[in-house]
Enquirer: 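Pasting a structure here, questions to come.
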There are 2 protein chains.
Amino acid sequence: MISLAEENYLKAIYSLNQIQQGGASTNAVAEKLDTKASSVTDMLKKLSEKKLVNYTKYQPASLTNRGMAIAIDVIRKHRLWEFFLVEKLKFKWDEVHEIAEQLEHIRSSALVDRLDSFLEYPKFDPHGDPIPDKEGRINKIHDTVLSALPIGEEAHIVGVKEHSNSFLQYLDAVKLVLGTRVKLINRFEFDQSAIVQIAGKENITISFDISKNLYIKFI
Amino acid sequence: MISLAEENYLKAIYSLNQIQQGGASTNAVAEKLDTKASSVTDMLKKLSEKKLVNYTKYQPASLTNRGMAIAIDVIRKHRLWEFFLVEKLKFKWDEVHEIAEQLEHIRSSALVDRLDSFLEYPKFDPHGDPIPDKEGRINKIHDTVLSALPIGEEAHIVGVKEHSNSFLQYLDAVKLVLGTRVKLINRFEFDQSAIVQIAGKENITISFDISKNLYIKFI
DNA sequence: TAAAATTTTTAGAGTTGCCTAAAAATGATT
DNA sequence: AATCATTTTTAGGCAACTCTAAAAATTTTA
Ligand SMILES: [Mn+2]
Ligand SMILES: [Mn+2]
Ligand SMILES: [Mn+2]
Ligand SMILES: [Mn+2]
């Protein structure tokens with residue numbers, strides 16, 4: 001039996017190993033879960049005993065196949081619930097993460113299957129993150145960002161790299177939501193800020209911090 | 001902050017005080033929560049400190065106003081989720097209780113409100129139990145049972161008193177589901193078993209154990 | 001009403017998951 | 001290579017919730 005705390009550790013280790021930067025070091029996991037390094041060491045030992053995590057003292061941790069399957073299952077539930085909250089209950093995309101953090105721990109495979117079917121098997125969550133299927137297969141995560149769009153070219157916004165509420169609210173305010181078509185009008189070398197045309201209409205200026213956190217797909 | 005365990009104790013005390021039979025004695029609570037009497041004593045002390053429960057040593061416990069409000073809120077969530085699971089996800093009425101036991105602890109008043117609205121403010125859950133509204137107002141629970149229906153009279157099935165899966169599955173099998181119209185054809189004094197006409201069609205014989213656990217409303 | 005049966009509480013302890021403080025290991029700097 | 005800074009682990013402890021065994025209170029029965 002996997003506890004709620006254990007599920008959260010597995011998810012944290014998974015996501016730290018996705019973004020390539022030192023992987024799941026003790027401190028990185030502690031930071032991610034807002035806990036202390038000593039607590040992480042305790043848990044890594046336990047998860048290692050349970051054969052869910054590969055762990056050797058003083059080294060970053062990684063997931064075993066079993067650990068990976070559990071992490072992906074939790075992520076599947078998180079993203080399906082986020083989709084449900086936005087599509088059916090009409091929450092905004094900056095309001096769902098916290099609730100999904102709770103819902104992702106509900107244990108019932110029948111529930112997940114039926115929810116998936118009720119939602120008509122969505123492929124992406126409200127933030128553009130891919131939803132793993134029943135077998136744990138997961139689409140490659142987006143990798144091209146708006147800051148890499150050449151001047152004069154067009155693309156669609158397909159996801160966000162940064163998930164903070166303030167970022168999501170900013171995007172709502174300037175109408176840079178998922179699905180929006182954008183054209184790169186100009187980019188300034190000085191600070192990499194850019195002028196972007198939104199949905200074939202108005203032009204706005206966005207900072208590098210914005211454009212490097214928006215995933216796009218070329219048209 | 002109320003923990004998951006505390007919420008379950010409050011709910012147990014609430015329901016033991018509804019059915020009039022000695023109320024929430026230590027042993028009754030232990031039985032209901034499948035735990036030991038000594039654990040119950042500990043928790044009653046804690047809930048009493050928190051002013052959620054009225055408790056004096058060796059006496060059955062009852063809820064304070066604050067404890068009652070919390071219990072009713074948890075029950076509201078339980079029954080709304082059960083309704084969701086049956087109406088939207090197409091679960092059967094004998095499959096939802098266990099899942100709702102988990103979902104009832106999700107903390108977000110916005111979620112409950114939006115779920116209620118999405119479901120169009122249902123008044124009863126799949127077992128005929130009343131769903132409290134946002135303000136905690138709850139319809140009187142049904143009180144007439146099929147065993148009290150006089151011979152020759154008709155009624156609708158509106159709820160179940162017993163919630164076990166085997167009972168619910170039996171009812172499915174003999175088509176004595178919620179909303180069914182029944183007519184009492186005959187009752188045998190010997191064992192109080194009864195012949196019932198179902199939906200104006202076939203007659204079946206049911207034991208006293210069945211008929212005393214079915215809530216009805218006279219036509 | 002005294003003994004017996006039952007219920008309830010207390011005492012002591014285990015598990016999980018977290019913490020602080022201190023020790024040990026690792027990595028970077030001279 | 002020795003020192004310093006950082007990271008990680010260990011040691012010891014706390015809170016929530018649970019348990020078993022034993023003691024105390026209450027209720028039932030004779
Ligand atoms: Mn999320
Ligand atoms: Mn998301
Ligand atoms: Mn239920
Ligand atoms: Mn119910």
Side-chain angles (χ1 to χ4, degrees), chain A residues 1-14 16-17 19-63 67 70-71 74 101-102 104-105 107, chain B residues 1-13 16-17 19-63 67 70-71 74 101-102 104-107:
Chain A
M1 188 78 299
I2 312 290
S3 72
L4 185 147
E6 288 169 339
E7 287 188 345
N8 283 334
Y9 274 92
L10 294 176
K11 202 163 54 111
I13 294 163
Y14 176 88
L16 288 167
N17 278 312
I19 54 166
Q20 298 312 65
Q21 292 168 139
S25 70
T26 303
N27 266 357
V29 174
E31 167 108 357
K32 178 140 255 204
L33 295 178
D34 195 22
T35 184
K36 301 291 160 159
S38 55
S39 305
V40 175
T41 302
D42 283 355
M43 186 59 96
L44 288 180
K45 280 185 198 160
K46 190 169 37 142
L47 292 174
S48 175
E49 292 251 318
K50 286 193 173 189
K51 302 256 196 272
L52 298 173
V53 155
N54 305 117
Y55 170 63
T56 38
K57 268 189 179 188
Y58 297 102
Q59 306 252 118
S62 65
L63 298 175
I70 294 168
V74 175
E101 284 291 308
Q102 299 179 61
E104 73 188 7
H105 301 292
R107 260 167 246 281
Chain B
M1 189 76 298
I2 312 292
S3 73
L4 186 145
E6 288 170 339
E7 287 188 345
N8 284 334
Y9 274 92
L10 294 176
K11 202 161 53 106
I13 294 164
L16 288 168
N17 277 313
I19 54 167
Q20 300 311 65
Q21 292 168 139
S25 71
T26 302
N27 266 358
V29 174
E31 167 108 355
K32 180 139 254 206
L33 295 178
D34 194 24
T35 185
K36 301 292 159 158
S38 55
S39 306
V40 175
T41 303
D42 283 355
M43 186 59 96
L44 289 180
K45 281 186 199 160
K46 189 169 39 142
L47 292 174
S48 175
E49 292 250 318
K50 285 195 174 189
K51 303 255 196 273
L52 298 173
V53 155
N54 305 117
Y55 169 63
T56 37
K57 269 189 178 187
Y58 296 102
Q59 306 251 121
S62 64
L63 297 175
I70 294 168
V74 175
E101 284 290 309
Q102 300 178 59
E104 73 188 6
H105 301 291
I106 301 292
R107 261 167 244 280

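Residue numbering restarts at 1 for every chain, and letters A, B, ... go by the order of the sequence lines.
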Enquirer: 5'-most contact on DNA chain C: A/Y9 or A/Y58, nearest heavy atom basis?
Expert: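 So the residue in question is A/Y9.
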Enquirer: Using whole Å, report how far CD of B/E31 lies from P of C/dT8.
Expert: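 So the CD-P distance, B/E31 to C/dT8, works out to 12 Å.
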Enquirer: Donor-acceptor pair, B/N17 side chain versus B/A61 backbone, under 3.5 Å?
Expert: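 It does hold such a pair.
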Enquirer: Using a cut-off of strictly less than 4.0 Å, decide whether A/K45 has a side-chain nitrogen or oxygen near OP1 or OP2 of D/dT9.
Expert: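 No, no such contact exists.
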Enquirer: Check the surroundings of atom CD in A/E101: do more than 12 heavy atoms from other residues, nucleotides or ligands lie under 6.0 Å from it?
Expert: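 Counting neighbours around CD of A/E101, more than 12 heavy atoms of other residues, nucleotides or ligands fall under 6.0 Å, so yes.
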Enquirer: Could you state the NZ-P distance from B/K50 to D/dA15, rounded to the nearest angstrom?
Expert: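 Going from NZ in B/K50 over to P in D/dA15 covers 14 Å.
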Enquirer: According to a strict under-4.0 Å criterion, is B/K57 in side-chain N/O contact with OP1 or OP2 of C/dT10?
Expert: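 Checking B/K57 against C/dT10: at least one side-chain N or O falls below 4.0 Å of OP1 or OP2.
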Enquirer: Roughly how many Å is it from CG in A/D42 to C1' in D/dT9, rounded to a whole number?
Expert: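 The distance from CG of A/D42 to C1' of D/dT9 comes to 9 Å, rounded to the nearest Å.
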Enquirer: Between A/L4 (CG) and D/dA16 (P), how many Å, whole number?
Expert: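 To the nearest whole Å, that distance equals 18 Å.
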Enquirer: Looking at B/S38 and D/dT20, is any side-chain donor or acceptor paired with a base atom of the opposite kind under 3.5 Å?
Expert: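 Side chain to base: pair found, below 3.5 Å.
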Enquirer: Check for a donor-acceptor pair, side chain of A/K50 on one end and backbone N or O of A/M1 on the other, with a separation under 3.5 Å.
Expert: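 Yes.
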Enquirer: Nearest whole angstrom, please: distance from the C1' of C/dC19 to the CG of A/D34.
Expert: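 After rounding, the reported distance stands at 13 Å.
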Enquirer: Tell me whether the side-chain N/O atoms of A/K36 come closer than 4.0 Å to OP1 or OP2 in C/dT20.
Expert: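 It does, given that an N or O in the side chain of A/K36 lies less than 4.0 Å from OP1 or OP2 of C/dT20.
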Enquirer: To the nearest angstrom, how far is A/L44 atom CG from D/dT9 atom P?
Expert: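 Value for this atom pair: 7 Å.
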Enquirer: Just to confirm, is there a sub-4.0 Å distance from OP1 or OP2 of D/dT8 to any side-chain nitrogen or oxygen of A/N27?
Expert: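 Indeed, a polar side-chain atom of A/N27 lies that close.
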Enquirer: Across the strands shown, which category fits A/A5 at heavy-atom distances under 4.0 angstrom: base, sugar-phosphate, nothing?
Expert: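 Sugar-phosphate, backbone atoms only, no base.
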Enquirer: Considering just the side-chain nitrogens and oxygens of B/S39, establish if one lies under 4.0 Å of OP1 or OP2 belonging to D/dT18.
Expert: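 B/S39 to D/dT18 OP1/OP2: no side-chain N or O under 4.0 Å.
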Enquirer: Base, sugar-phosphate or nothing for B/T26? Non-hydrogen atoms, less than 4.0 Å.
Expert: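 Sugar-phosphate, no base atom in range.
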Enquirer: Show the numbers, then the answer: is there a side-chain contact (heavy atoms from CB on, under 4.5 Å) between A/E104 and A/K11?
Expert: CA-CA 11 Å; A/E104 73 188 7; A/K11 202 163 54 111; 3.0 Å; yes
Enquirer: Can you tell me if A/K45 uses its side chain to pair, donor with acceptor, with the backbone of A/Y55 under 3.5 Å?
Expert: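 A pair under 3.5 Å: no.
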Enquirer: Nearest of D/dT9, D/dT18, C/dC18 to any side-chain atom of B/M43?
Expert: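 For B/M43, the side-chain atoms sit closest to D/dT18.
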